[in-house]
There are 4 protein chains.
Amino acid sequence: MRADARRNRERIVEAALGLFTERGAGVSMEEIAQAAGLGVGTLYRHFPDRRALIEEIAQSTLTVLRDHLRAGAAEQVPRWEVLLSMVRHCAGRPLALLSSLPEASPQSDTRQRLIREIHGLLGDIVEQAQQEGSLRRDLTPEQVVGLLNVAICRPGARADDPLTTVMLDGLKAPAP
Amino acid sequence: MRADARRNRERIVEAALGLFTERGAGVSMEEIAQAAGLGVGTLYRHFPDRRALIEEIAQSTLTVLRDHLRAGAAEQVPRWEVLLSMVRHCAGRPLALLSSLPEASPQSDTRQRLIREIHGLLGDIVEQAQQEGSLRRDLTPEQVVGLLNVAICRPGARADDPLTTVMLDGLKAPAP
Amino acid sequence: MRADARRNRERIVEAALGLFTERGAGVSMEEIAQAAGLGVGTLYRHFPDRRALIEEIAQSTLTVLRDHLRAGAAEQVPRWEVLLSMVRHCAGRPLALLSSLPEASPQSDTRQRLIREIHGLLGDIVEQAQQEGSLRRDLTPEQVVGLLNVAICRPGARADDPLTTVMLDGLKAPAP
Amino acid sequence: MRADARRNRERIVEAALGLFTERGAGVSMEEIAQAAGLGVGTLYRHFPDRRALIEEIAQSTLTVLRDHLRAGAAEQVPRWEVLLSMVRHCAGRPLALLSSLPEASPQSDTRQRLIREIHGLLGDIVEQAQQEGSLRRDLTPEQVVGLLNVAICRPGARADDPLTTVMLDGLKAPAP
DNA sequence: TATGAATGAGGATTCATTCAT
DNA sequence: AATGAATGAATCCTCATTCAT
């Protein structure tokens with residue numbers, strides 16, 4: 001792939017991610033192309049249709065998250081710290097897209113695999129955090145994943161905004 | 001207004017609210033009319049355009065909430081109980097609509113008035129809850145309102161789902 | 001269905017048939033709508049998409065042909081006359097559309113049924129014409145149908161143009 | 001012109017002719033280039049636009065036909081044989097393209113000249129065939145050309161298919 | 001007054017054509 | 001010179017809104 005083509009592809013993904021984050025999934029292809037400084041045609045050369053673009057964004061976002069979690073899993077720090085790091089990583093990234101796309105395509109294989117891996121990694125971290133005594137014990141890993149999803153994967157979320165703070169406090173294991 | 005006209009208007013609001021709750025803000029006017037058992041023409045007789053319908057839903061939802069809060073404010077129970085009651089009231093009602101509508105019209109006067117009143121009532125309740133020692137003290141009333149909005153005013157929220165539970169725990173004043 | 005709606009529907013079919021006949025299957029929906037004196041939206045209210053419009057035209061054309069053949073089959077005249085009558089009926093009607101549609105949808109059930117019925121009727125007529133000694137015997141009914149299709153179902157065909165005349169002469173049984 | 005350039009040009013014409021024959025005039029430039037094993041850019045280096053490519057195909061097809069007719073005209077065989085030879089030559093070549101192209105450009109000079117020459121040659125052959133008593137006399141040369149055009153210059157036509165056979169029989173002079 | 005048909009602007013997508021590599 | 005990426009006008013289709021019945 002030519003250098004400029006790769007650069008354009010990246011610009012498109014960035015522009016789309018930015019616009020989706022700010023204004024939701026309703027943004028038009030024209031606008032995305034314009035925001036990337038390109039014509040629609042170019043956008044469609046890189047992504048055969050709207051679905052494909054969204055799929056790419058989803059995969060890219062999920063891949064980065066998975067890599068982050070893998071790295072965290074390997075570190076020698078309390079699991080609670082790993083959770084915090086993930087919260088900081090996700091805050092403001094509308095991963096939410098992934099579940100609430102209007103175009104909710106029958107999730108692609110790659111996407112499903114990524115999601116399964118992420119859930120696996122997070123599940124382990126959650127269990128270990130519960131065992132180390134930092135995370136409350138009355139929630140299943142799935143529930144934790146689910147609530148993190150709503151709480152931090154929304155447009156405008158910040159790692160230190162009130163909802164995130166309160167939620168983290170609510171997640172801490174109660175003093176014995 | 002004739003009895004049947006009023007009935008039709010109510011049906012429309014109900015249908016629209018239901019559809020928006022279930023399927024998000026993308027529902028078409030045709031669908032709403034159909035769900036209300038009416039023709040589009042009738043819908044437009046009651047509401048000059050989409051904006052007006054959404055405004056009406058917003059006002060109606062907000063009015064009910066305000067009334068609920070007024071009632072709560074007058075009761076002789078701990079303020080924490082009043083907050084709980086509000087959480088139960090809101091859970092699953094996508095009041096969120098109000099802030100995240102794509103058609104976020106420059107908020108109408110009536111709506112602004114309602115929102116101000118609700119914020120006022122909630123502000124009082126929050127402050128009193130903080131004074132009675134049940135609610136943590138490091139948040140302003142506005143912040144509490146904001147986080148409640150995200151946490152409970154979303155499609156599918158329930159008063160006893162993990163996010164709500166955790167958030168309420170996180171809101172409790174820490175043991176001294 | 002309201003009177004005006006029915007009228008519009010007919011206008012659309014007529015306009016589309018006319019344009020397809022004159023200029024082939026590439027005509028745009030906009031043009032068809034305009035030729036019918038309507039907006040595109042109206043066209044799409046009557047036919048959910050291009051395919052549906054073409055299907056309708058096909059069915060309508062085939063139905064008329066089938067009725068013509070049924071009537072002919074029942075008449076007490078030489079089969080050769082019936083064939084002539086069909087030739088006159090088809091000439092200039094681009095039934096050809098039916099086989100050469102770019103959008104060659106997997107033929108609808110109704111269409112397949114019509115085509116089978118037409119082939120059945122024509123097959124009988126052809127066989128009987130061969131028996132009465134008016135039609136040459138070295139062709140199967142399918143072949144006769146096929147060549148009639150090319151020869152008379154094309155834009156601009158006329159029942160008395162040279163190709164039709166020559167073809168009919170070529171079809172006559174040779175003098176014994 | 002360099003040898004490889006000439007080879008590329010020929011490949012393009014062949015590919016385009018093949019695709020038009022098989023799938024009609026709707027084939028995209030990209031596809032043609034690909035079928036020729038080249039990039040679009042190269043295609044456009046040889047032909048400034050779609051029109052030019054089609055014009056080239058037309059001219060090339062017509063030139064071959066003219067040469068065939070010239071050769072036939074010079075031969076010492078019955079004119080009926082020459083007609084048969086031409087039918088065999090044309091069958092399955094959608095010369096039809098020439099008249100029914102959507103892009104029916106105002107025929108180029110070269111093309112008009114070729115067509116006139118072809119009509120001239122064919123006209124002579126037809127007249128002589130009528131004089132030698134093999135071809136029916138009630139048709140003008142133009143009419144003969146026209147019907148041959150429809151009957152044999154269509155995708156899939158074969159020199160021995162039913163339509164061609166019947167048509168040739170219909171063209172024979174009736175026994176006296 | 002209620003209905004649902006008609007309208008047309010707007011969004012997705014394709015493809016002939018141009019241009020940077 | 002060859003390649004294939006970029007462009008944008010044109011086409012299909014949707015849906016908020018208007019209007020005839």
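In what follows, chains carry the letters A, B, and so on, assigned in the order in which the sequence lines appear, proteins first and then strands, with residues in each chain numbered from 1. What you are looking at is a predicted structure, and each value in this text was computed from that prediction instead of being measured.
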Next item on the list: Please name the pair of heavy atoms, one in B:L19 and one in B:I32, separated by the smallest distance, quoted to 0.1 Å.
Entry: CD1-CA, 3.8 Å
Do any N or O atoms of the protein come closer than 3.5 Å to N or O atoms of nucleotides 10-14 of chain E, and which pairs are they?
| from | atom 1 | to | atom 2 | distance (Å) |
| --- | --- | --- | --- | --- |
| E:dA12 | OP1 | A:R50 | NE | 3.1 |
| E:dA12 | OP1 | A:R50 | NH2 | 3.3 |
| E:dA12 | OP2 | A:M29 | N | 2.9 |
| E:dT13 | OP2 | A:Y44 | OH | 2.8 |
| E:dT13 | OP2 | A:R50 | N | 3.1 |

Item checked: Rounded distance in Å - CZ (D:R6) to C1' (F:dA1) -> 17 Å
Next item on the list: Please check the phosphate of F:dT7 (OP1 and OP2 only) for any side-chain N or O of A:T42 closer than 4.0 Å.
Entry: yes
Next item on the list: Give a yes or no on whether B:Q34 atom CD has more than 12 heavy-atom contacts from other residues, nucleotides or ligands under 6.0 Å away.
Entry: no
Checklist line | Nearest-nucleotide comparison on DNA chain E, the residue closer to the 5′ end among B:G37 and A:A3 | finding: B:G37
Notebook entry, point to check: Any side-chain heavy atom of B:I57 within less than 4.5 Å of one from B:F47?
Noted result: no
Note to self: Output the rounded distance in Å from CD1 (D:I54) to C1' (E:dA16).
What the structure shows: 12 Å
Next item on the list: Check whether any side-chain heavy atom of C:E55 lies under 4.5 Å from a side-chain heavy atom of C:Q59, and answer yes or no.
Entry: yes
Notebook entry, point to check: Mind pulling the stems DNA chain E is in, i.e. runs of at least three Watson-Crick or G-U pairs, everything under 3.5 Å?
Noted result: E:2-21 with F:2-21
Item checked: Rounded distance in Å - CD1 (D:I32) to P (F:dG4) -> 17 Å
Notebook entry, point to check: F:dA5 P sits how many Å from A:R2 CZ, rounded?
Noted result: 6 Å
Notebook entry, point to check: Side-chain contact, heavy-atom cut-off 4.5 Å: C:M29 with C:Y44?
Noted result: yes
Next item on the list: Using a 4.5 Å cut-off on heavy atoms from C-beta on, say whether the side chain of A:H46 contacts that of A:E56.
Entry: no
Notebook entry, point to check: Quick one: D:L53 CG to E:dT17 P, roughly how many Å, whole number?
Noted result: 10 Å
Check: Tell me: CZ of B:F47 to P of E:dA2, nearest whole Å?
Finding: 13 Å
Note to self: Salt bridge or not between A:D4 and A:R2? Use side-chain N to carboxylate O under 4.0 Å.
What the structure shows: yes
Next item on the list: Please round to the nearest 0.5 Å and tell me the distance separating atom CD1 of B:I118 and atom CZ of B:R111.
Entry: 11.5 Å
Next item on the list: Would you indicate what B:D4 reaches in the nucleic acid, counting non-hydrogen atoms under 4.0 angstrom: base, sugar-phosphate, or nothing?
Entry: nothing
Notebook entry, point to check: Could you state the CZ-C1' distance from D:R9 to F:dA2, rounded to the nearest angstrom?
Noted result: 16 Å
Item checked: Interatomic distance, D:L43 CG vs F:dG4 P [rounded to whole Å] -> 13 Å
Next item on the list: Quickly, which of B:N149, B:L65, B:T61 forms a side-chain contact (heavy atoms from CB on, under 4.5 Å) with B:C90? Name it, please.
Entry: B:L65
Margin query: Is the phosphate of E:dT1 approached by B:R45 (side-chain N or O, under 4.0 Å from OP1 or OP2)?
Written below: yes
